[in-house]
J.: 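Please see the structure below; I have some questions.
Computed from a prediction, not measured in an experiment: that's the story for all the values here. So that the names make sense, note that chain A is the first sequence line, chain B the second, and so on, each numbered from 1.
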There are 2 protein chains.
Amino acid sequence: MPRYRMTVEYDGTPYVGWQRQDNGPSVQGAIEGAILSLTAETVSIRGAGRTDSGVHAMGQVMHADLTKEWKPYTLRNALNAHLRQASERVAILDIAEVDARFDARFSAIRRHYLYRIITRRAPLALEAGRAWWVAKDMDHEVMHAAAQTLVGRHDFTTFRSVHCQANSPVRTLDRLDVTRHGELIEIRATAQSFLHNQIRSFAGTLKLAGEGKWTPDDVRAALEARDRKACGPVAPPDGLYFMQVDYRDDGAPAMPLPDDESDDS
Amino acid sequence: MPRYRMTVEYDGTPYVGWQRQDNGPSVQGAIEGAILSLTAETVSIRGAGRTDSGVHAMGQVMHADLTKEWKPYTLRNALNAHLRQASERVAILDIAEVDARFDARFSAIRRHYLYRIITRRAPLALEAGRAWWVAKDMDHEVMHAAAQTLVGRHDFTTFRSVHCQANSPVRTLDRLDVTRHGELIEIRATAQSFLHNQIRSFAGTLKLAGEGKWTPDDVRAALEARDRKACGPVAPPDGLYFMQVDYRDDGAPAMPLPDDESDDS
């Protein structure tokens, strides 16, 4: 049974999140529905990250096992046609056939997220739902300095949702960079895996630093408190984008790794 | 009665266009509704361009006469609060009090539009409704060369909707540049005023050049034909953005000018 790795883009706004749930449409459900329409097969797909409701993706990765052998090009076009017909806000960017040991979630060695903040007095019209609107300007250099106190291997209990299901709150944050392009402030985060709400907890806390309410030392102290109550407000999902997943090499299999849980966003 | 100039951003998707119409919600209606909620005054506003349904704006300009004297800052925030409350996809970016001779439409000396095309195999998910999706790649350099045949003062009958209400098909096109950023092809157009569907007619015709179906000489021949039937297919509204309007100087009055009609997009 051939296994296919697919790279997926979606607008998270109309979905309850990546994962199938009883309370509304999910991205997973949209793709499984397209596969069912195309192949008459009921499959269960797995994504590299379980993004929350309202969180977007430009490069989510998933895998699916299909009975039939497909040309990746044909499969992608056919699934996209079914997704469009169902008016889903989901597109399959790329498909490759991979080794059966490849697992979109457990083979991932690095996940990349982007968090977008637009700082301006006027509310967002074109970017509504696509960025976090912050009416007052912020100092992105202070935000970047504060972010550097979080990089490395830490117990991130402070920045983890109380609903996080990961066994351990310890993660290694490879990168947390804050840059600015006019009104747009971008936070780019990279790690093997993230805890639930970790990046949105970072974004909400870094906003306090950008507004001058917290110093970078306050952010470090919040981390060291290992206490969820020490966290700043959690930023809304609107600004979060799952950008990219790295694997050992293109499509190569990998064994589960220590940081194998990914309750992202 | 003080006159206010307002710069407006909107997502054109849910609207029948800028102008009030019987068949659905308009951007003009949304703003007039916000003014009514705030001031209990029924005003009629005028925009620099009457964008069509689905066409977006980052810098539409309009003017309104209000009975009361407002601090521009207070007026902007109050109108935005009303627009948000009504779930409109419209935001007032900036307000200034201007001379009573200022007219958003007739005082404009230059209008700037952007047309966005995304060329990739996969349909658009995040950018659906925000760009024209073209599945096959195009040569943007050929598009740019073809565009240069259109710059200048011409009879643009070929590139004008049959519904265009302007008296004359003659316009002076100051700029029509085609650039590329990865999958994104941007067409930037500047003129004192445009004919109805002129930029979407340009975009659809330049696509033929980008695909290699037409040469730049074919585009010039289409212009010279002065025949609507010589035009390429009209591009969808999704990719069109009204970016900016220039006035003689900041808020200065101006008299009506020869090219005073603007049946844009």
J.: Tell me if the aromatic rings of A:Phe194 and A:Tyr113 count as close, with their centers under 6.0 Å from one another.
T.: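 Ring-ring flag for A:Phe194/A:Tyr113: true, centres closer than 6.0 Å.
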J.: Between the side chains of B:Glu183 and B:Thr119, does any donor sit under 3.5 Å from an acceptor?
T.: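 No.
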J.: Under the rule for side-chain contact (heavy atoms from CB on, under 4.5 Å), what residues qualify as partners of A:Ala104, not counting sequence neighbours?
T.: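 If we apply the side-chain contact (heavy atoms from CB on, under 4.5 Å) test to A:Ala104, skipping adjacent residues, the hits are A:Val61, A:His63, A:Phe102, A:Tyr247.
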J.: Can you check whether anything in residues 70-94 of chain A gets within less than 4.5 Å of chain B, heavy-atom wise, and list it by number?
T.: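 A:Tyr73, A:Arg76, A:Asn77, A:Asn80, A:Arg84, A:Arg89, A:Val90, A:Ala91, A:Ile92, A:Leu93 fall under the 4.5 Å cut-off.
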J.: Looking only at heavy atoms and a cut-off of under 4.5 Å, which of A:Val8, A:Leu126, A:Leu124, A:Thr13 has the most pairs with chain B?
T.: A:Leu126
J.: Under 3.5 Å, is there a donor-acceptor pair linking the side chains of B:His56 and B:Asp238?
T.: no
J.: Run the salt bridge (Lys or Arg N to Asp or Glu O under 4.0 Å) check on B:Asp11 and B:Arg130 step by step: do they pass?
T.: CA-CA 9 Å; B:Asp11 169 5; B:Arg130 310 300 178 89; 3.4 Å; yes
J.: Let me see the working for B:Tyr10 and B:Tyr15 under ring-ring contact (aromatic ring centres under 6.0 Å, His included), right down to the final yes or no.
T.: CA-CA 10 Å; B:Tyr10 48 87; B:Tyr15 299 105; 7.0 Å; no
